[in-house]
Trainee: 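Quick one: structure below, then a few questions.
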Protein chains: 2
Amino acid sequence: MALRETNPNFMNGVPELLILSLLGEQEMYGYEIVQAIRQRTAAVIAVGEGVVYPVLHGLEGDGALKSRRKTINGRGRIYYSVTPRGARRLADLSQNWTNLTTAIQNILIGGQNAQAVL
Amino acid sequence: MALRETNPNFMNGVPELLILSLLGEQEMYGYEIVQAIRQRTAAVIAVGEGVVYPVLHGLEGDGALKSRRKTINGRGRIYYSVTPRGARRLADLSQNWTNLTTAIQNILIGGQNAQAVL
DNA sequence: TGCAATACATCGAACCACAAGGTATATTGT
DNA sequence: ACAATATACCTTGTGGTTCGATGTATTGCA
């Protein structure tokens with residue numbers, strides 16, 4: 001089951017968020033995503049292909065992504081793009097991420113009058 | 001097989017960061033930390049005792065925390081506080097966290113001119 | 001011809017966080 | 001007096017994600 005409702009380890013699912021976010025801008029293929037993440041984050045985050053491909057397959061299986069084959073220079077590529085369902089998923093994950101970082105910031109900033117802000 | 005110190009899963013260690021951060025403000029005992037995290041984050045993050053106690057023991061074993069027993073109302077409590085080594089650890093984790101969220105933000109904000117900023 | 005890069009993919013191992021359970025005492029409610 | 005709840009400590013098994021290694025195949029370059 002790709003759907004995560006059980007055991008929501010609060011820190012997981014970030015690769016999925018990153019991938020959906022990139023594909024939200026433009027269609028991309030797997031290998032390209034691996035490098036885009038590395039470059040855009042100055043190698044702070046370096047997810048491998050072993051992370052990206054399974055996420056891609058999982059999201060497509062859930063109907064969050066759709067794919068199409070293209071042949072370029074005789075080499076096949078599988079381009080992915082987000083479906084409406086994927087867009088919703090992205091919005092959800094994005095919101096969760098914001099909530100999470102805000103929550104953590106509330107503790108890091110710490111201090112006496114720190115009130116959790118919704 | 002071999003000792004693994006490289007490549008820490010980039011999302012892990014957040015509970016450790018939170019705990020060190022709280023203890024950096026004032027000494028606390030385990031049960032108190034569990035509740036403090038829940039309250040300060042408006043229940044966005046709710047780590048259980050099964051997360052907190054092992055981290056506490058681990059950090060103490062590494063010399064990042066020190067503890068002292070106190071008996072209050074006939075009930076024993078173990079108060080933890082950060083050592084100089086723990087303070088360094090906190091600074092490191094804190095920096096890593098900032099780098100990470102910055103990196104992710106660079107992707108989420110996305111867009112054409114997004115340059116990873118150190 | 002060989003090496004690097006491109007592009008896909010899968011698998012086992014590692015690892016963290018979690019839920020669940022266990023012990024024990026103090027307090028509150030009935 | 002008794003039960004239930006809250007406090008306070010702790011460990012263990014499980015589960016899901018991520019990682020590194022490995023595999024295949026083609027293209028481009030030296």
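We name chains A, B, ... by the order of the sequence lines, and we start the count at 1 in each one.
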Trainee: Describe the nucleic acid contact of Val14(A) in one word from base, sugar-phosphate, nothing, applying a heavy-atom distance below 4.0 Å.
Mentor: sugar-phosphate

Trainee: Side-chain N or O of Tyr53(A) versus OP1/OP2 of dC8(C): is the shortest distance under 4.0 Å?
Mentor: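 The answer is yes; a side-chain N or O of Tyr53(A) sits under 4.0 Å from OP1 or OP2.
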
Trainee: Please determine whether a side-chain nitrogen or oxygen atom of Arg77(B) lies at a distance below 4.0 Å from atom OP1 or OP2 of dA8(D).
Mentor: yes

Trainee: Nearest to the side chain of Pro54(A), which nucleotide is it out of dA7(C), dT10(C), dT7(D)?
Mentor: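 Among dA7(C), dT10(C), dT7(D), the one nearest the side chain of Pro54(A) is dT10(C).
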
Trainee: Expressed in angstrom and rounded to an integer, what is the separation of Met11(B) atom CE from dC15(C) atom P?
Mentor: 18 Å

Trainee: Describe, in one word, how the ring planes of Tyr29(B) and Tyr79(B) are oriented to each other, choosing from parallel (under 30°), tilted (30 to 60°) and perpendicular (over 60°).
Mentor: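 Taking Tyr79(B) first and then Tyr29(B), their aromatic rings stand perpendicular (interplane angle over 60°).
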
Trainee: NA contact type, Gly30(B), heavy-atom cut-off 4.0 Å: base, sugar-phosphate, or nothing?
Mentor: sugar-phosphate

Trainee: If you assign each of Ala46(A) and Asn73(A) to its closest nucleotide in DNA chain D, which residue comes earlier from the 5' end?
Mentor: Ala46(A)

Trainee: How many Å lie between CE on Met28(B) and C1' on dA8(D), as a whole number?
Mentor: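 These atoms are roughly 15 Å apart.
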
Trainee: Figure out the CZ/P separation between Arg38(A) and dT6(C), and round it to whole Å.
Mentor: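 Taking CZ of Arg38(A) and P of dT6(C), I get 11 Å after rounding.
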
Trainee: Which listed nucleotide (dT7(D), dC8(C), dC10(D)) is nearest to the side chain of Tyr31(B)?
Mentor: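 It is dT7(D).
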
Trainee: Please pick, from dC18(C), dC8(C), dA17(C), the nucleotide with the shortest atom-to-atom distance to any side-chain atom of Val47(B).
Mentor: dC18(C)

Trainee: Would you tell me if any nitrogen or oxygen in the side chain of His57(B) comes within less than 4.0 Å of OP1 or OP2 on dT11(D)?
Mentor: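 Checking dT11(D) against His57(B), a side-chain N or O does come within under 4.0 Å of OP1 or OP2.
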
Trainee: Grab the CD-P distance between Glu16(B) and dA17(C) for me, whole Å please.
Mentor: 8 Å

Trainee: Write down the distance between CG (Leu56(A)) and C1' (dT18(D)), rounded to a whole number of angstrom.
Mentor: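 Nearest whole value for this atom pair: 16 Å.
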
Trainee: With a 4.5 Å heavy-atom cut-off, do Ile45(B) and Ile104(A) have their side chains touching?
Mentor: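 Result yes, sub-4.5 Å side-chain heavy-atom pair found.
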
Trainee: Output the rounded distance in Å from CD1 (Ile78(A)) to P (dT10(C)).
Mentor: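 These atoms are roughly 10 Å apart.
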
Trainee: Here's a test of your reading of the structure: between Val51(A) and Arg75(A), which maps to the more 5' nucleotide of DNA chain C?
Mentor: Arg75(A)

Trainee: Given atom OH of Tyr79(A) and atom C1' of dT6(C), what is their separation to the nearest angstrom?
Mentor: 12 Å

Trainee: Between atom CD1 in Ile72(B) and atom C1' in dA24(C), what is the gap in whole Å?
Mentor: 17 Å

Trainee: Please work out if Glu49(B) contacts a base, only the sugar-phosphate, or nothing of the nucleic acid, heavy-atom cut-off 4.0 Å.
Mentor: base

Trainee: Hey, mind stepping through Trp97(B) and Asn99(B) against side chain to side chain contact (heavy atoms under 4.5 Å, CB included) and telling me if it holds?
Mentor: CA-CA 5 Å; Trp97(B) 176 250; Asn99(B) 290 151; over 6 Å; no

Trainee: Can you confirm whether His57(B) sits close enough to Tyr80(B) that some side-chain heavy atom of one is under 4.5 Å from a side-chain heavy atom of the other?
Mentor: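 With C-beta onward as the side chain, the pair touches.
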
Trainee: Decide salt bridge (charged side-chain N to carboxylate O under 4.0 Å, His left out) for Glu16(B) and Arg89(B); before the verdict, give the C-alpha distance in whole Å, the side-chain angles of both, and the deciding distance to 0.1 Å.
Mentor: CA-CA 10 Å; Glu16(B) 189 177 316; Arg89(B) 179 95 146 237; 2.8 Å; yes

